[in-house]
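Below is one structure; the comments refer to it alone.
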Amino acid sequence: MTQTYLPSVNQTVNVLFESQYSQQVLMMLLKLGIPFSFQPIVSFEKTVDTSLQKNPEQGINEKILVKNSEDTKLSMKTIDSFMDEYIHTGHIPNISDVSKKYEVSVFFLKNRIRELYGKPFYQLYMDKRMEYAAQLLKQGYRATKVSAMVGYGEKSVIKFNKMFQKHFGMTPKKYQMSQKH
């Protein structure tokens, strides 16, 4: 005889499942009146680790862990690499395009960057862009040339100067002069 464990009134079941089963799992939980929480995850490894099953009599939910394979796709090294690629080509990254390239969801990409860097996707891009601009200024390039090299058009030099000053607290020219000493 199989014993079924149902959570008590004050407990919530955490459910991890592949999106193709979402409708069936959610309907079952709703039909049984089981309180639950879930987080959408796009892809899973094929193996399921059930070694963390807890004893229901202790008031702890039974839990099945499914390892998300997206975690291994987006290391800091990978993120730095694609950010550098965009910065050196002068293109502004589109988060949807980046998520497709690395076969992860936009939601996961945003959360992964915030987890690793403590800032949102676009802010990370802007910080790296300004750091690259600073490197170019140290190498002796003029601010107008640097502006174009980091993706600002010829007519956007003023915008570049303002962004640089916001980031470093001084104009590109003052920054360059401070690095010569």
Side-chain angles (χ1 to χ4, degrees), residues 14-22 37-49 51-52 63-176 178-179:
N14 292 315
V15 181
L16 295 172
F17 51 87
E18 290 189 56
S19 60
Q20 66 192 27
Y21 302 114
S22 60
S37 65
F38 74 97
Q39 178 179 359
I41 299 175
V42 174
S43 65
F44 295 94
E45 288 184 356
K46 297 297 181 202
T47 59
V48 176
D49 179 4
S51 64
L52 293 182
K63 188 173 187 177
I64 298 175
L65 282 186
V66 180
K67 187 173 180 182
N68 187 343
S69 65
E70 290 180 331
D71 290 338
T72 58
K73 289 182 185 177
L74 284 176
S75 64
M76 283 183 101
K77 184 178 179 180
T78 304
I79 293 168
D80 287 343
S81 176
F82 78 72
M83 285 289 183
D84 288 345
E85 179 183 324
Y86 278 99
I87 290 165
H88 289 99
T89 60
H91 293 96
I92 298 173
N94 177 308
I95 195 161
S96 296
D97 293 341
V98 174
S99 70
K100 286 176 188 170
K101 179 179 179 177
Y102 290 95
E103 299 175 337
V104 297
S105 68
V106 171
F107 176 81
F108 177 82
L109 179 59
K110 286 180 179 180
N111 285 339
R112 184 70 172 165
I113 288 174
R114 190 173 291 279
E115 172 190 325
L116 292 173
Y117 296 91
K119 55 184 84 170
F121 177 83
Y122 187 72
Q123 184 62 51
L124 175 64
Y125 169 73
M126 289 304 296
D127 289 351
K128 290 193 170 288
R129 191 179 190 190
M130 291 298 114
E131 290 167 17
Y132 180 56
Q135 287 176 355
L136 295 171
L137 289 167
K138 285 179 189 177
Q139 293 172 14
Y141 289 98
R142 295 181 56 128
T144 53
K145 179 78 172 162
V146 171
S147 173
M149 291 172 77
V150 296
Y152 288 89
E154 287 182 25
K155 296 178 182 178
S156 300
V157 175
I158 294 170
K159 186 175 180 180
F160 165 72
N161 285 341
K162 286 182 180 181
M163 289 301 292
F164 191 91
Q165 188 168 4
K166 182 179 177 183
H167 189 80
F168 288 101
M170 64 180 80
T171 64
K173 184 71 173 172
K174 285 184 181 177
Y175 179 86
Q176 195 171 42
S178 73
Q179 299 299 311

*Can you check side-chain hydrogen bond (donor to acceptor under 3.5 Å, both in side chains) on Q123 and D127, steps first, answer last?*
CA-CA 6 Å; Q123 184 62 51; D127 289 351; 2.7 Å; yes
For residues [X] and [Y], report the shortest heavy-atom separation together with the two atoms involved.
X    : Y    : value
V98  : P93  : CG2-CB, 4.2 Å
V150 : R129 : O-NE, 2.7 Å
P172 : N161 : CG-OD1, 3.2 Å
F168 : M130 : CE1-O, 3.5 Å
V106 : S99  : CG2-OG, 3.3 Å
S147 : F160 : OG-CB, 3.5 Å

Just verifying a value: how many Å separate [X] [atom1] and [Y] [atom2], rounded to the nearest 0.5 Å?
X    : Y    : atom1 : atom2 : answer
Y125 : D84  : OH    : CG    : 11.0 Å
M149 : Q139 : CE    : CD    : 7.5 Å
M76  : I113 : CE    : CD1   : 10.5 Å
K173 : T144 : NZ    : OG1   : 10.0 Å
R114 : L109 : CZ    : CG    : 12.0 Å
F107 : I95  : CZ    : CD1   : 11.5 Å

*Is there a donor in the side chain of Y117 and an acceptor in the side chain of D80, or the other way round, less than 3.5 Å apart?*
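The criterion, which ignores hydrogens and geometry beyond distance, is satisfied for D80 and Y117.
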_Under 3.5 Å side-chain donor-acceptor pair for T78 and S75_ =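 Per modelled atom types, T78 and S75 side chains form a pair under 3.5 Å.
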*Please identify each residue that fulfils ring pair (Phe, Tyr, Trp, His ring centres under 6.0 Å) with Y132, with sequence neighbours left out.*
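With neighbours one apart ignored, the set is H88.
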A quick test of your reading: do over 12 heavy atoms of other residues, nucleotides or ligands sit less than 6.0 Å from [atom1] of [X]?
X    : atom1 : value
K110 : NZ    : no
F82  : CZ    : yes
K119 : NZ    : yes

*Are the side chain of S81 and the backbone N or O of K77 linked by a donor-acceptor pair below 3.5 Å?*
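No.
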*Examine distances only and state if a side-chain atom of Q176 and a backbone atom of Y141 form a donor-acceptor pair shorter than 3.5 Å.*
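Judged by distance alone, yes, a pair lies under 3.5 Å.
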_Taking the side chain as everything from C-beta on, heavy atoms only, tell me whether L116 gets closer than 4.5 Å to L124._
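Result no, sub-4.5 Å side-chain heavy-atom pair not found.
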*Determine, step by step, whether Y175 and F164 satisfy the ring-ring contact (aromatic ring centres under 6.0 Å, His included) criterion, reporting the C-alpha distance in whole Å, the side-chain angles of both residues, the deciding distance to 0.1 Å, and the verdict.*
CA-CA 9 Å; Y175 179 86; F164 191 91; 5.4 Å; yes
